[in-house]
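Encoded as structure tokens, the structure appears first; notes follow it.
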Amino acid sequence: MASSISLPTVSDLWNGFLHLLYPDLCVACGADVSTKHACFCLQCRMKLPVSDMYHHQDNEFTERFWGRLPIQNGAALYYFTRKSPVQRALHQLKYHNKPDIGIKIGRDFGRLLHTCPLYQSVDAIIPVPLHPRKERMRGYNQSTLFAQGLAEAMGIPVLHTTLVRAAFTATQTRKKRMDRFQNVAEVFAVHRPGRIEGLHLLLVDDVLTTGATLEICGQALLEVPNTRLSMATIAIAVH
């Protein structure tokens with residue numbers, strides 16, 4: 001009996017040609033990525049400091065808000081460590097015009113949260129906003145891109161204009177916790193609060209460090225009657 005040989009389709013050939021012209025490259029090391037739409041190559045994926053926080057209601061993420069903010073759940077996908085693939089990916093996202101990184105990581109995390117009972121009651125996602133001036137300077141809000149990827153995988157909407165930033169503040173990167181808190185106090189406001197009354201909201205940002213920005217944003221959202229609040233970030237800084 002003659003063996004059956006499967007020939008490549010026109011679509012296969014076209015996709016291969018496109019990959020030659022526009023290869024998917026690892027956002028951490030620049031190597032070729034074999035899996036379509038993936039951020040990291042196999043070697044970097046093996047080095048990723050992945051967390052399982054989303055499985056647990058009490059974890060390193062939620063502990064940082066004990067006594068500060070009543071949140072339902074909180075989790076980061078990765079631990080943020082120096083010189084790790086995660087640090088390099090976030091640097092590319094924030095400072096080198098790579099918006100697709102936020103969307104891809106959001107989809108990855110969203111697929112995990114979608115299957116987790118702790119997050120199945122979430123009604124909508126709210127990204128921590130940038131001031132319009134800073135967003136124009138950068139070209140996009142990395143937290144909004146992360147939220148977009150999460151929303152695609154979880155099948156829920158992103159409320160882009162609900163939480164607004166009314167003042168321009170200096171960068172938080174080198175500030176201590178109290179300085180960060182004072183830097184963002186009274187900066188955020190809720191636009192049309194009736195739209196989120198009674199909802200379970202997922203507030204998202206790129207990295208949890210001291211939690212000052214997330215805390216101030218969360219306080220503003222929880223002032224709306226009957227709202228419940230969970231949080232998610234791409235990474236959490238290791239103390």
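Quick note: numbers below take in every heavy atom, side chains included, and nothing from hydrogens, waters or symmetry partners.
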Query raised in the report: Is there side-chain contact between L229 and M231, with at least one heavy-atom pair below 4.5 Å?
Result: yes

Query raised in the report: Given E197 and T227, is the side-chain contact (heavy atoms from CB on, under 4.5 Å) satisfied, shown in steps?
Result: CA-CA 6 Å; E197 189 170 341; T227 55; 5.6 Å; no

**Report entry** Heavy-atom closest pair, residues L150 and G110
**Finding:** CD2-N, 3.5 Å

Report task. Carefully, step by step, assess F40 and V27 under the rule side-chain contact (heavy atoms from CB on, under 4.5 Å). Result -> CA-CA 6 Å; F40 302 99; V27 300; 3.7 Å; yes

Query raised in the report: For the atom pair CG (L77) and OG (S51), what is the distance rounded to the nearest 0.5 Å?
Result: 6.5 Å

Query - Trace of the side-chain contact (heavy atoms from CB on, under 4.5 Å) decision for D123 with I156 - result: CA-CA 6 Å; D123 298 299; I156 55 178; over 6 Å; no

Query raised in the report: Do you reckon L208 sits in the same ILVMFWY cluster as V238, going by side-chain contacts under 4.5 Å, direct or chained?
Result: yes

Report task. Write out all pairs satisfying side-chain hydrogen bond (donor to acceptor under 3.5 Å, both in side chains) with one or both partners inside residues 153-164, taking only residues at least two apart or from two chains. Result -> none

**Report entry** Verify same cluster id: V122, F65 (apolar side-chain graph, 4.5 Å)
**Finding:** no

Query raised in the report: Where do R88 and A28 come nearest, in terms of heavy atoms and distance?
Result: NE-O, 3.1 Å

Report summary line: Per side-chain contact (heavy atoms from CB on, under 4.5 Å), L203 is matched among L214, T233, T213 by L214

Report task. Would you check if P70 and L222 make a side-chain contact, meaning some heavy-atom pair closer than 4.5 Å? Result -> yes

Query raised in the report: Can you check whether Q87's main-chain N or O pairs, donor with acceptor, with S84's side chain at less than 3.5 Å?
Result: yes

Query raised in the report: Would a distance-only check, ignoring hydrogens and angles, find a side-chain to backbone donor-acceptor pair under 3.5 Å from S143 to P127?
Result: no

Query raised in the report: Do I216 and V187 touch side chain to side chain, with heavy atoms closer than 4.5 Å?
Result: no

Report task. Would you confirm whether R228, through its side chain, and H200, through its main-chain N or O, come within 3.5 Å as a donor-acceptor pair? Result -> no

Query raised in the report: If Ile, Leu, Val, Met, Phe, Trp and Tyr residues are connected whenever their side-chain heavy atoms lie under 4.5 Å apart, and connections chain through other members, are M154 and L145 in the same group?
Result: yes

Query raised in the report: Looking at T62, N73, L113, which hits side-chain contact (heavy atoms from CB on, under 4.5 Å) with S230?
Result: N73

Query raised in the report: Looking at side-chain heavy atoms only, is the closest gap between P129 and F188 below 4.5 Å?
Result: yes

Report task. Could you tell me whether the side chain of Y140 and the main chain of K98 form a donor-acceptor pair under 3.5 Å? Result -> yes

Report summary line: Nearest heavy-atom contact between V33 and C39 is CG2-O, 4.3 Å

Query raised in the report: Judged by atom type as modelled, is there a donor-acceptor pair below 3.5 Å linking the side chain of Q120 to the main-chain atoms of H114?
Result: yes

**Report entry** Derivation and outcome, side-chain contact (heavy atoms from CB on, under 4.5 Å), residues Y79 and I236
**Finding:** CA-CA 5 Å; Y79 292 97; I236 180 172; 3.8 Å; yes

Report task. For A235 and A76, work out which heavy atoms get closest and say how close. Result -> C-CB, 3.6 Å

Query raised in the report: Are L118 and Y54 close enough that some pair of their side-chain heavy atoms sits under 4.5 Å apart?
Result: no

Query raised in the report: Atom CG in D32, atom SG in C26: separation rounded to 0.5 Å?
Result: 10.0 Å

**Report entry** same_hphob_cluster(F80, F109) at 4.5 Å side-chain heavy-atom cutoff
**Finding:** yes

Report task. Measure the spacing between CD1 of I126 and CG of L201 and express it to the nearest 0.5 Å. Result -> 4.5 Å

Query raised in the report: If two hydrophobic side chains count as joined below 4.5 Å and joins carry through other members, does V50 share a cluster with L90?
Result: yes

Query raised in the report: Does any N or O in the side chain of R64 come within less than 3.5 Å of the main-chain N or O of T209, such that one atom is a donor and the other an acceptor?
Result: yes

Query raised in the report: Is any side-chain heavy atom of L202 less than 4.5 Å from a side-chain heavy atom of V204?
Result: yes

Requested in this report: Mind listing the closest non-hydrogen atom pair of V207 and A237 along with its distance?
Outcome: CG1-N, 4.3 Å

Query raised in the report: Could you state the interatomic distance from CG (L93) to NE2 (H96), rounded to the nearest 0.5 Å?
Result: 11.0 Å

Query raised in the report: With distance as the sole criterion, is a donor-acceptor pair present between the side chains of N141 and E135 under 3.5 Å?
Result: no

Query - Note, F146 side chain near I125 side chain (heavy atom, < 4.5 Å) - result: no

Query - Heavy-atom donor-acceptor pair, N59 side chain to M53 backbone, under 3.5 Å - result: yes

Query raised in the report: How long is the span from the NE2 atom in H56 to the CZ atom in F61, to the nearest 0.5 Å?
Result: 15.0 Å

Query raised in the report: How many angstroms lie between atom CD of Q142 and atom CD1 of I105, to the nearest 0.5 angstrom?
Result: 11.5 Å

Query raised in the report: Hey, does I196 have a side-chain heavy atom less than 4.5 Å from the side chain of L159?
Result: yes

